[in-house]
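Note that the structure is a prediction, hence the values are computed from the model and not measured. Whatever order the structure lists ligands and atoms in, that order sets their numbers, starting from 1.
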Amino acid sequence: MTKSHVPLIERYRDHLPFAPEDQIVSLQEGSTPLLLAPVLSGMVGATVRLKLEGANPTGSFKDRGMTCAVSAAVREGAKAVICASTGNTAASAAAYAARAGITCAVIVPEGKIAQGKMAQTLMHGARVISLAGNFDQALTLVRELTDTHPIVLVNSVNEFRIEGQKTAAFELHEDLHGELEALYIPVGNAGNITAYWRGFREMGASPRMLGFQAEGAAPLVLGHPVEHPETVASAIRIGNPVRWEDAMAATTESRGAIRAVSDAEILAAYRLLASKEGIFCEPASTASVAGLLKYGTDGASQVVCVLTGRGLKDPETAIANNDGKVIQCVAERGPIEEAVLGDP
Ligand code: AN7
């Protein structure tokens with residue numbers, strides 16, 4: 001098997017809390033591409049690479065943690081898992097639960113999760129509860145529920161999630177032979193930045209951890225929870241991150257920072273990546289690139305932006321933020337010629 005065909009837990013078993021005899025639930029996640037970004041590199045004067053986490057089986061980085069969380073749940077004999085989610089955790093939990101043959105419930109903020117994620121979650125057969133409230137309220141409620149019912153919580157408060165997610169740092173460390181100087185990463189609930197830092201530390205590496213929140217949902221930048229978070233990047237519309245302390249420790253220890261980018265900057269990076277680098281990822285992912293373009297590299301020459309989820313997750317935002325017009329045409333030679341070759 002090539003390494004891309006090895007389940008993440010098998011590839012990194014020495015670093016993960018699973019024994020060889022443990023049955024694992026895998027969709028062959030991890031081992032994602034690391035792609036050079038020539039246009040971005042030219043713009044910032046450094047070698048910029050993109051970690052394409054949307055290449056995971058359900059289209060986001062969540063699968064790394066979910067293979068571990070669901071495998072551990074099954075090992076404990078669990079029959080059900082639950083999460084609160086802005087969409088990607090729900091899609092991933094639903095897929096891994098389906099694969100494991102256990103049930104899954106997800107609580108999502110009403111009207112605030114992208115269509116692709118909703119489609120996935122429903123197709124995998126999860127019970128979807130649309131909450132008249134935001135992500136932070138949903139998470140508080142599932143935590144209460146799992147305190148009193150035998151359902152395993154698979155949000156990133158679950159340590160197995162962080163353990164699985166840290167493998168992305170292992171891959172970067174291997175692929176770049178330890179030369180990475182700075183990591184640009186979107187931050188919502190702050191599980192991912194926590195996990196990368198843990199992974200780098202286990203490899204003896206310490207690149208600067210540069211996290212980016214959307215301006216309207218930037219509690220870690222403001223230093224206090226945001227009661228009504230708002231951003232076009234629905235995946236990171238989170239006002240009170242669970243991994244608050246861990247994220248602050250990661251940035252302090254690595255001499256990094258958590259900073260804010262505006263929705264306009266997120267959308268500009270979203271269009272730039274798709275139209276100039278050929279990479280279509282969802283808006284939350286492009287917070288990392290928006291941060292790179294806004295704040296620069298501060299002297300680092302080898303940097304990586306983590307692109308956490310695919311563009312197809314959120315078709316509505318793509319269609320709504322596009323000036324490329326669709327040209328209507330009758331089925332005749334002359335009008336077609338004009339439509340294809342005429343002035344735009
Ligand atoms: C594409 O799915 O929180 O800082 O419930 O989907 O580890 O939370 C998603 C988060 C970045 C932020 N990019 O990661 C959820 C959820 C994408 C995401 C984040 C999310 P964390």
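Considering backbone and side-chain N/O atoms, G191 comes within less than 3.5 Å of an N/O atom of ligand 1. Taking distance alone, with nitrogen or oxygen atoms compared against 3.5 Å, N189 approaches ligand 1 more closely than that limit. Here's the thing with S285: none of its N/O atoms is less than 3.5 angstrom from an N/O atom of ligand 1. Geometrically, ligand 1 and T86 share a nitrogen or oxygen pair separated by less than 3.5 Å. Residue contacts with ligand 1: F135 is placed with no nitrogen or oxygen under 3.5 Å of a nitrogen or oxygen of the ligand (distance criterion only). Looking at T89 next to ligand 1, an N or O pair under 3.5 Å apart turns up.
In E282, the part holding a heavy atom less than 4.0 Å from any atom of ligand 1 is the side chain.
Look at I238 and you'll find a heavy atom under 4.0 Å from some atom of ligand 1. Under the 4.0 angstrom criterion for non-hydrogen atoms, R243 is not in contact with ligand 1. Heavy-atom distances between A190 and ligand 1 reach below 4.0 Å in at least one pair. Residue contacts with ligand 1 include G87, since one of its heavy atoms falls under 4.0 Å from the ligand.
Of the listed residues (I236, D314, T286, T308), the one carrying the non-hydrogen atom nearest atom 19 (C) of ligand 1 is I236.
Applying side chain to side chain donor-acceptor pair (under 3.5 Å) to D63 and the options T58, N56, N88 leaves one that passes, T58. For the side-chain contact (heavy atoms from CB on, under 4.5 Å) criterion with P219, the lone passing option out of I258, D136, V226 is V226.
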